[in-house]
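All figures in this text were calculated on a predicted structure; none of them were measured in a lab.
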Amino acid sequence: MMKRLFQFSTVLFWGAVFSVWAAGQAESDKTQTPVTPSYTLAEVAQHATEADCWMAIHGAVYDLSAYLPEHPTRPSIILPWCGKEATEAYDTKTRGRPHSPGADALLTHYRIGDLTP
């Protein structure tokens with residue numbers, strides 16, 4: 001009788017452990033990072049105004065509309081690059097000087113997706 005009770009308890013215990021593990025796996029599947037949106041250069045080109053300024057830089061797409069008024073220089077420096085692939089302009093500030101690491105970190109806040117080749 002004790003042996004049967006022990007076996008039954010053991011099976012019940014491991015069944016409960018498996019159920020908790022399976023529920024955790026199902027929950028982790030739901031919380032996976034969503035897929036990053038991808039945009040073509042043609043889609044980026046549709047956002048080429050001061051009020052709606054997207055740029056492709058290093059294969060990523062950024063919506064810089066909200067940042068334009070906060071940029072240290074006047075927005076007219078950036079506006080010609082809205083709606084375009086602007087890696088070279090970003091890397092050289094169009095004068096041969098790179099942006100600072102702080103600017104690189106700030107840029108990540110405006111990333112909205114990847115550029116599709």
Test of understanding: with side-chain hydrogen bond (donor to acceptor under 3.5 Å, both in side chains), list the residues that count as partners of S100, not counting sequence neighbours. none
Which residues pass the side-chain hydrogen bond (donor to acceptor under 3.5 Å, both in side chains) test with T87, sequence neighbours left out? E85
When every non-hydrogen atom of W54 is compared with those of V44, the smallest separation belongs to O-CG1, 3.9 Å
Should I112 and Y62 be regarded as members of a common hydrophobic cluster, given that ILVMFWY residues are connected when their side-chain heavy atoms come within less than 4.5 Å of each other, either directly or indirectly? no
Find out if a path of hydrophobic residues (ILVMFWY) with successive side-chain heavy-atom gaps under 4.5 Å connects V61 to L107. no
Would you give me the side-chain donor-acceptor pairs under 3.5 Å for residues 34-42, sequence neighbours excluded?
{"from": "T40", "atom 1": "OG1", "to": "A42", "atom 2": "N", "distance (Å)": "3.4"}
{"from": "T40", "atom 1": "OG1", "to": "E43", "atom 2": "N", "distance (Å)": "3.1"}
{"from": "T40", "atom 1": "OG1", "to": "E43", "atom 2": "OE1", "distance (Å)": "3.4"}

In this structure, NE2 of H99 is separated from CG of L106 (nearest 0.5 Å) by 9.5 Å
Atom CD1 of I57 and atom NZ of K84: how far apart are they, to the nearest 0.5 Å? 13.5 Å
Does the side chain to side chain contact (heavy atoms under 4.5 Å, CB included) test come out yes or no for W81 and L64, once each step is laid out? CA-CA 11 Å; W81 296 102; L64 298 172; over 6 Å; no
List the atom pairs, with distances to 0.1 Å, where a side-chain N or O of residues 71-80 and a protein N or O form a donor-acceptor pair under 3.5 Å, not counting sequence neighbours.
{"from": "H71", "atom 1": "ND1", "to": "T73", "atom 2": "N", "distance (Å)": "3.0"}
{"from": "H71", "atom 1": "ND1", "to": "T73", "atom 2": "OG1", "distance (Å)": "2.8"}
{"from": "R74", "atom 1": "NE", "to": "S76", "atom 2": "OG", "distance (Å)": "3.2"}

Could you give all pairs that pass the disulfide (SG to SG under 2.5 Å) test and reach residues 57-89, with sequence neighbours left out? C53-C82
Sequence neighbours excluded, the answer for salt bridge (charged side-chain N to carboxylate O under 4.0 Å, His left out) partners of D114 is R111
Can you pull the salt bridge (Lys or Arg N to Asp or Glu O under 4.0 Å) pairs that have at least one residue in residues 56-73, sequence neighbours excluded? none
Please list, chain by chain and in numerical order, all residues satisfying ring pair (Phe, Tyr, Trp, His ring centres under 6.0 Å) with H58, sequence neighbours excluded. none
